[in-house]
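Have a look at the structure below before the remarks.
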Amino acid sequence: MNEKEFNSQIGTTIEQSKRLLELGLKPETADMSYYILDYEPVLTIGIAQVYRETIKGGKIVGKQNAEIIPAWSLHRLIELYKDVDYISLWSLEYVNYNRLIECISFAIKHGAFNKEYLKQ
């Protein structure tokens, strides 16, 4: 039996996430997030609220917040993009994160992206 290798991406990469934020997407539209503690990013479903407790002598003496970076699933980006009036979605076999981010960028630049999803 031939094993098919799947190389699917669960959510936007950190770089893609930062690009979407730079384009003006509200972090609240994300359905995933990266949290970074000890320099190792971890992708989670939902927006993480993560911290590490600093314990000395058996007592909690402080908390270190993790860096949180919003991330989006492909389905969430498609849902956000569906509101663009004059652009129809292409066949799903051609959808990928980079292409969809470019389409979102184009729609934002031309005022066609839903303003509810953008920072003011």
Side-chain angles (χ1 to χ4, degrees):
M1 176 187 226
N2 262 348
E3 293 269 335
K4 184 166 179 136
E5 190 173 316
F6 293 99
N7 294 320
S8 57
Q9 183 178 332
I10 296 171
T12 52
T13 64
I14 291 174
E15 292 77 22
Q16 291 167 332
S17 295
K18 288 180 178 180
R19 173 111 194 277
L20 288 166
L21 292 170
E22 288 169 3
L23 288 171
L25 254 65
K26 288 181 180 176
E28 301 85 50
T29 63
D31 57 345
M32 307 177 90
S33 61
Y34 285 95
Y35 68 89
I36 302 171
L37 274 175
D38 299 326
Y39 309 104
E40 185 66 33
V42 176
L43 182 62
T44 64
I45 295 174
I47 300 299
Q49 301 225 348
V50 180
Y51 61 88
R52 181 178 56 218
E53 295 173 340
T54 305
I55 300 173
K56 286 187 181 175
K59 294 183 180 181
I60 298 172
V61 295
K63 294 180 180 181
Q64 174 190 5
N65 289 325
E67 179 183 1
I68 305 295
I69 301 170
W72 289 262
S73 66
L74 189 59
H75 185 265
R76 178 59 62 100
L77 290 178
I78 290 170
E79 288 299 313
L80 295 174
Y81 186 72
K82 274 186 179 178
D83 288 345
V84 175
D85 291 336
Y86 64 89
I87 302 172
S88 62
L89 282 174
W90 52 89
S91 170
L92 285 179
E93 71 181 288
Y94 298 113
V95 173
N96 66 51
Y97 281 96
N98 288 328
R99 185 170 180 196
L100 190 51
I101 290 169
E102 287 304 315
C103 288
I104 288 171
S105 174
F106 181 85
I108 289 170
K109 287 176 185 170
H110 290 88
F113 199 75
N114 188 331
K115 307 274 187 282
E116 290 179 37
Y117 305 142
L118 300 174
K119 293 182 265 182
Q120 299 301 325

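In this structure L21 satisfies the side-chain contact (heavy atoms from CB on, under 4.5 Å) test together with P27, P70, W72, sequence neighbours excluded. Checked against side-chain hydrogen bond (donor to acceptor under 3.5 Å, both in side chains), Y97 has no partners two or more places apart in sequence or in another chain.
T29 OG1 to K119 NZ: the interatomic distance, rounded to the nearest 0.5 Å, is 10.0 Å. Rounded to the nearest 0.5 angstrom, E15 CD and N98 CG are separated by 10.5 Å. The distance from the CD1 atom of I68 to the OH atom of Y35 is 8.5 Å, given to the nearest 0.5 Å.
Remark: side-chain polar atoms of S17 are paired, donor with acceptor, to backbone N or O of T13 under 3.5 angstrom.
Classified by interplanar angle (parallel below 30°, tilted 30° to 60°, perpendicular above 60°), the ring pair F106/H110 is tilted.
Under the 4.5 Å side-chain criterion, counting only non-hydrogen atoms from C-beta, I108 is in contact with L25. Side chains of L77 and L20 form a contact here, defined as non-hydrogen atoms less than 4.5 Å apart. You'll find the side chain of M32 reaches within 4.5 Å of the side chain of I10, heavy atoms only. Proximity of L23 to F113: side-chain heavy atoms (C-beta onward) are nowhere separated by under 4.5 Å.
Between K82 and E79, at least one side-chain nitrogen of the basic residue sits less than 4.0 Å from a carboxylate oxygen of the acidic one, meeting the salt-bridge criterion.
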Practice problem: Applying side chain to side chain contact (heavy atoms under 4.5 Å, CB included), run through Q16 and Q9 and close with a yes or a no. | Solution: CA-CA 12 Å; Q16 291 167 332; Q9 183 178 332; 2.8 Å; yes
Self-check item: Steps toward side chain to side chain contact (heavy atoms under 4.5 Å, CB included) verdict (N96, L100)
Solution: CA-CA 6 Å; N96 66 51; L100 190 51; over 6 Å; no
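For K18, the NZ atom sits in a loose shell: 12 or fewer heavy atoms of surrounding residues, nucleotides or ligands are nearer than 6.0 Å.
Pairs passing the salt bridge (charged side-chain N to carboxylate O under 4.0 Å, His left out) check and including a residue from residues 100-116, sequence neighbours excluded, read R19-E102.
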